[in-house]
Each structure stands twice: as structure tokens, then as C-alpha cells.
Amino acid sequence: MARLQDRIAIVTGAAQGLGRAISLKLASEGARLALLDMQAAGVEETAAMVRAKGGQAMAWAGDVTDEATVTDLFGKIHAHYGQVDVLVNNVGGSRNMKIWEMTAEVWDFTIRLNLRSTFLCTRAVLPGMMARKAGNIICLSSGAKEGTPWSAEDKGASAYSTCKAGIHGFIRDLTWELSPYGIRCNAVAPGPIATEKNAPMFADQETRLVHPPSRMVPMVRLGQAHEIADAVCFLASDESSYITGVTLDVAGGR
Ligand SMILES: NC(=O)c1ccc[n+]([C@@H]2O[C@H](COP(=O)([O-])OP(=O)(O)OC[C@H]3O[C@@H](n4cnc5c(N)ncnc54)[C@H](O)[C@@H]3O)[C@@H](O)[C@H]2O)c1
């Protein structure tokens, strides 16, 4: 039996990178997917990749930092699948800037992208999960929760680090609020992962920086997207049934 057979799983930010890898992994373990992203073509492509491997996936396009959009999309997902068993809050990112140059607009953009999206999507799945007394929420934090020598040295990542530490606090509190309803909440904190977007940036930093990504990782290598997807799948499955409120570092050591 596959580890997530017939569970309904939402993955946000599924058009590329870690979201795509997580989608393919969860589907390979039998989950039926609702995939969300702002990039309509990219998220359709991920759904097509899942279906080409014999899995089930529907794609929806929209901005998950927008309250009305989240209400609308999650209503459609519930109407289509009837319930949601797993939510992966994967949307996140950064516009890096040194703190003395950072505009309030860039600060707000980063907080909104990482934290508002996570809050809105989490709140939207809770009525169904609480009624059924079952559910599983996994959020993407980052090694940045304790600072990012590799990106902060280069361009400044304080807003992003603030958000990813915030994800840890978020799941810690949710654990107390939601355990009575049978809902588990965990986070995965990736180190530097060679996604299609980040790999060129990391390669460039290796040649320029005093603290390049690989030298800040005890295993002295970048991570691969499938290594994050494997950790998310573990937390989404019953193999982690006694784990909640944990941020799991998947970062090549610490
Ligand atoms: N790649 C890494 O090295 C790394 C390391 C640590 C943490 N993370 C975290 O993992 C997650 C995924 O990272 P990634 O590298 O795959 O990112 P990415 O930028 O490659 O992909 C993010 C996806 O989210 C979508 N998206 C962005 N804003 C959106 C919005 N408002 N509404 C809907 N969709 C939106 C994008 O279109 C894109 O498909 C993020 O939370 C990131 O902070 C990544």
C-alpha cells in the first residue's frame, strides 16, 4: 500500500522547484493532488507530469496571498474533492536587500508572500479538518530561520529570515491549538537547494563569497529538490504519526 493512498493533498507554489518535486513525490505515494500557483502554465505542466506517471492532479491558478482568491480556490477544491487531508504551504521567497536599503514595500512583500499565504491557506482548510478530526499541515521554513550566511552576506535576507523563523513559531502554536482536533502541523527547513531558480545563483556565489553555500553546509554540497520532497512526504504520512510542532532541518547538517 502506498503511504498516502487516496489522501487529498494541496500543494501551493507547485509550478516549479520544490513545489513541483513535492507534488510528484506525494502523487507517487498515492495522494490525489490539488495544485496551486500564480503561474497557470507551470502548474498545469506539473499536473500533466503527475498524470503522465499515472497519478491524479488538478491545477488551479491564483495568488495565495489574496484572501478572496484563497476563499474561492479552496472552495473549488473542497467542491471537487470533498475534503482535504494534507496541506503543504510551500509558497515563499524573497526580494533580498541590505537592511539599510530595504524599503517598507519590499519588507511587506516578503512578509506577505511567506506568512500571509501560509496563514490564509491554513485557515481555509481548517473547518473541514476540524470537523473530521484529522489533517496534516506542512509548512516550508528554511535554514534562514537562524540566518543565512550565504545570502545575507551577499544581498541581505533579514526579511526572509524573519519570515522563516515566523513559520517555526506558527507551527509551534498551531500544535497546541489543533492537536485536540487530530491535526498535525510541522515544517521542513531546507538548506540551500539546487532548484532551477536557485542553482545559478548558488553557483555564482561559490566563486565570489567568503561564506558560499557549500562551505556553510557540513556535508559540503547543495541539497536536491527530491531530498526536501522525501521529508515532506514523511511528515505527511502516518510514519510520522507521533510528530507535531517540529521544524525538520533538511540542510546537510548543522
Ligand atoms: N530552493 C531553496 O534553496 C530553498 C531553501 C529554503 C527554503 N525554501 C523555501 O521553499 C519554498 C519553495 O522554494 P523554491 O525554491 O521552490 O521557490 P520558487 O520561487 O522556485 O517557486 C515558488 C513557486 O511559488 C509560486 N508563487 C509565488 N508567489 C505566489 C503567490 N502569491 N501565489 C501563488 N503562487 C505563488 C511561484 O510561481 C513558483 O512556482 C519557499 O517557501 C522557499 O522559501 C527554498
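Order of listing sets the numbers, starting from 1, for every ligand and every atom in it. Residue indices begin at 1 and follow the sequence shown. What you see is a predicted model; the values in this text were computed from it and never measured.
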Heavy-atom contacts with ligand 1 below 4.0 Å: which residues, ordered by chain and residue number?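 Residues within 4.0 Å of ligand 1: Gly13, Ala15, Gln16, Gly17, Leu18, Asp37, Met38, Gln39, Gly62, Asp63, Val64, Thr65, Asn90, Val91, Gly92, Gly93, Leu113, Leu140, Ser141, Ser142, Tyr160, Lys164, Pro190, Gly191, Pro192, Ile193, Thr195, Lys197, Asn198, Phe202.
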
My understanding is that only one of Thr122, Leu120, Asn114 makes a side-chain contact (heavy atoms from CB on, under 4.5 Å) with Thr118; could you say which? Thr122

Any donor and acceptor pair, going by atom type alone, linking the side chain of Asp85 with main-chain N or O of Gly135 inside 3.5 Å?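 Not at all, since once roles are kept as given, no pair shorter than 3.5 Å links the two residues.
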
Member of Lys197, Glu45, Gln39, Glu196 meeting the side chain to side chain donor-acceptor pair (under 3.5 Å) criterion with Gln16: Gln39

Can you see whether Arg116 engages Thr65 through a side-chain donor-acceptor pair at a distance of less than 3.5 angstrom? no

Remaining members of the apolar cluster that contains Val217, side-chain heavy atoms under 4.5 Å: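 Members alongside Val217: Met219.
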
Arg32 to Tyr81 six-membered ring, cation-pi geometry met (6.0 Å, 45°):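 Relative to the ring axis of Tyr81, which defines the angle, Arg32 lies outside at least one limit.
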
